[in-house]
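Accompanying notes for the structure given below.
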Amino acid sequence: MNIFIASSNQGKIKEIKAILADSSLNLLSILDVFELQKMGIEIASDFDVIEDGKTFQDNALLKAKAYAIKTGLPTIADDSGLEVQTLNGFPSVNSNRWFEGTASERNLALLDLLKDKTDRQARFYSVICFFDPKNNSVQFFDGEIQGKIASESKGSKIEGFGYDPIFIPEGFNQTFAELGAEFKNTISHRRIALAKLNQYVLQDKHLGQLE
Ligand code: ITT
């Protein structure tokens with residue numbers, strides 16, 4: 001069962017593949033150039049979708065639909081972000097866009113916004129959209145993980161992407177980057193949303209639609 005991952009973020013693609021490694025799904029992305037070529041699918045490595053939706057759901061749908069139309073494959077897209085309580089949920093859907101610079105520069109900029117704040121509560125939120133171009137069916141699955149923003153960036157040279165070096169999941173005292181991808185993938189917002197997706201596609205009544 002082929003499913004395309006609608007993402008240009010290599011860290012995210014790697015996580016989605018790792019989380020669903022034990023499922024029966026054959027996951028493809030822009031990185032699988034040869035496999036796609038064999039299937040007669042051409043998609044540029046810089047294929048881009050303008051994410052101008054107001055919500056995670058809007059943007060997840062925009063991405064899933066665009067890649068599904070391009071590839072002809074059932075497609076999943078993840079739209080996700082970090083929401084910091086004392087900043088009224090900022091940066092939320094703009095997590096990848098509010099600051100121009102590298103991920104580590106952005107992490108430092110966020111730490112700077114929080115430098116005098118004692119309330120460090122935050123959450124990661126993910127919405128996965130599943131779009132099947134055969135019948136235009138759309139499904140959404142979500143997941144969240146609560147935690148706090150660290151006082152400094154830690155573990156950036158170890159593993160992870162984005163805000164992983166500054167996010168400490170609830171119940172732990174190390175950042176996601178320090179805890180490592182293998183562990184992160186057992187508890188993350190993305191894991192929770194993808195587990196729901198996996199349940200959905202494995203139900204008999206949906207199997208017939210996917211080849
Ligand atoms: P695609 O849209 O191509 O999938 P993107 O990185 O632009 O890639 P989003 O629009 O969903 O993806 O932006 C989500 C941003 O939120 C992401 O770039 C990270 O900065 C942050 N983020 C989301 N989940 C994260 C995680 O598990 N660890 C660290 N940062 C995360």
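Starting from 1, each residue takes its place in the sequence as its number. Counting starts at 1 for both ligands and their atoms, following the listed order.
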Legend entry - Heavy-atom side-chain proximity of Phe140 to Leu61 below 4.5 angstrom: yes
Inset, instruction - Would you mind running through ligand 1 and noting each atom that sits below 4.0 Å from a heavy atom of His189? - result: 24 (N), 25 (C), 26 (C), 27 (O)
Inset, instruction - Enumerate the atoms of ligand 1 whose separation from the nearest heavy atom of Arg106 is less than 4.0 angstrom. - result: 20 (O)
Legend entry - Asp78 and Lys63 ion-paired at < 4.0 Å: no
Inset, instruction - Flag Asn9 as yes when one of its N or O atoms lies below 3.5 Å from any N or O atom of ligand 1, and as no otherwise. - result: yes
Inset, instruction - Just let me know how Phe176 lines up against ligand 1, side chain, backbone, both or neither, with a heavy-atom cut-off below 4.0 Å. - result: neither
Legend entry - Side chain to side chain, Asn59 and Val127, heavy atoms closer than 4.5 Å: no
Inset, instruction - For Lys184, counting its heavy atoms only, list the atoms of ligand 1 lying under 4.0 Å from any of them. - result: 26 (C), 27 (O), 28 (N)
Inset, instruction - Identify the protein heavy atom lying closest to atom 30 (N) of ligand 1, giving its residue, its atom name and the separation to 0.1 Å. - result: Tyr163 N, 3.0 Å
Inset, instruction - Determine whether any heavy atom of Asp164 lies closer than 4.0 Å to an atom of ligand 1. - result: yes
Legend entry - Aromatic ring proximity, centroids under 6.0 angstrom, Phe141 and Phe130: no
Legend entry - Numbered atoms of ligand 1 (with element) below 4.0 Å of Ser95, judged on heavy atoms: 15 (C), 16 (O)
Legend entry - Donor-acceptor under 3.5 Å (Ser95 side chain, Leu82 main chain): yes
Inset, instruction - Determine whether Asn9 and Asn96 make a side-chain contact, defined as any pair of heavy atoms from C-beta on separated by less than 4.5 Å. - result: no
Legend entry - Numbered atoms and elements of ligand 1 in range of Gly162, under 4.0 angstrom, heavy atoms: 20 (O), 29 (C), 30 (N)
Inset, instruction - Starting from atom 9 (P) of ligand 1, find the nearest protein heavy-atom neighbour and note its residue, name and distance. - result: Lys12 NZ, 3.6 Å
Inset, instruction - Number the atoms of ligand 1 from 1 as they appear, then name those within less than 4.0 Å of a heavy atom of Asp79, with their elements. - result: 9 (P), 10 (O), 11 (O)
Legend entry - Within-shell test, Gly81 vs ligand 1, heavy atom, strictly < 4.0 Å: yes
Inset, instruction - Can you pull out the closest protein heavy atom to atom 23 (C) of ligand 1? Residue, atom name and distance to 0.1 Å, please. - result: Ser80 OG, 3.1 Å
Inset, instruction - State, with a plain yes or no, whether a side-chain heavy atom of Leu194 is found less than 4.5 Å away from one of Ile76. - result: yes
Inset, instruction - Measure the acute angle between the ring planes of Phe176 and Phe124, then classify it against the limits of 30° and 60° as parallel, tilted or perpendicular. - result: parallel
Legend entry - atom 7 (O) of ligand 1 [closest protein heavy-atom partner, distance rounded to 0.1 Å]: Asn96 ND2, 2.8 Å
Inset, instruction - Would you mind checking which non-hydrogen protein atom is closest to atom 22 (N) of ligand 1, with the distance to 0.1 Å? - result: Phe124 CE2, 3.9 Å
Legend entry - Atom of Ser45, atom of Ile30 and distance for their closest heavy-atom approach: O-CD1, 3.7 Å
Legend entry - Beyond-backbone contact of Leu36 with Phe4, side-chain heavy atoms, under 4.5 angstrom: yes
Inset, instruction - Provide, to 0.1 Å, the distance between atom 10 (O) of ligand 1 and the closest protein heavy atom, together with that atom's residue and name. - result: Glu51 OE1, 3.0 Å
Inset, instruction - For Lys63, take its heavy atoms, then give the atoms of ligand 1 lying under 4.0 Å from any of them. - result: 1 (P), 2 (O), 4 (O), 9 (P), 10 (O), 11 (O)
Inset, instruction - Measure the shortest side-chain to side-chain distance between Glu15 and Phe161 over non-hydrogen atoms and say whether it is less than 4.5 angstrom. - result: yes
Inset, instruction - Please report which non-hydrogen protein atom sits nearest to atom 24 (N) of ligand 1, along with the residue it belongs to and the distance in Å to one decimal place. - result: Arg190 NH2, 2.9 Å
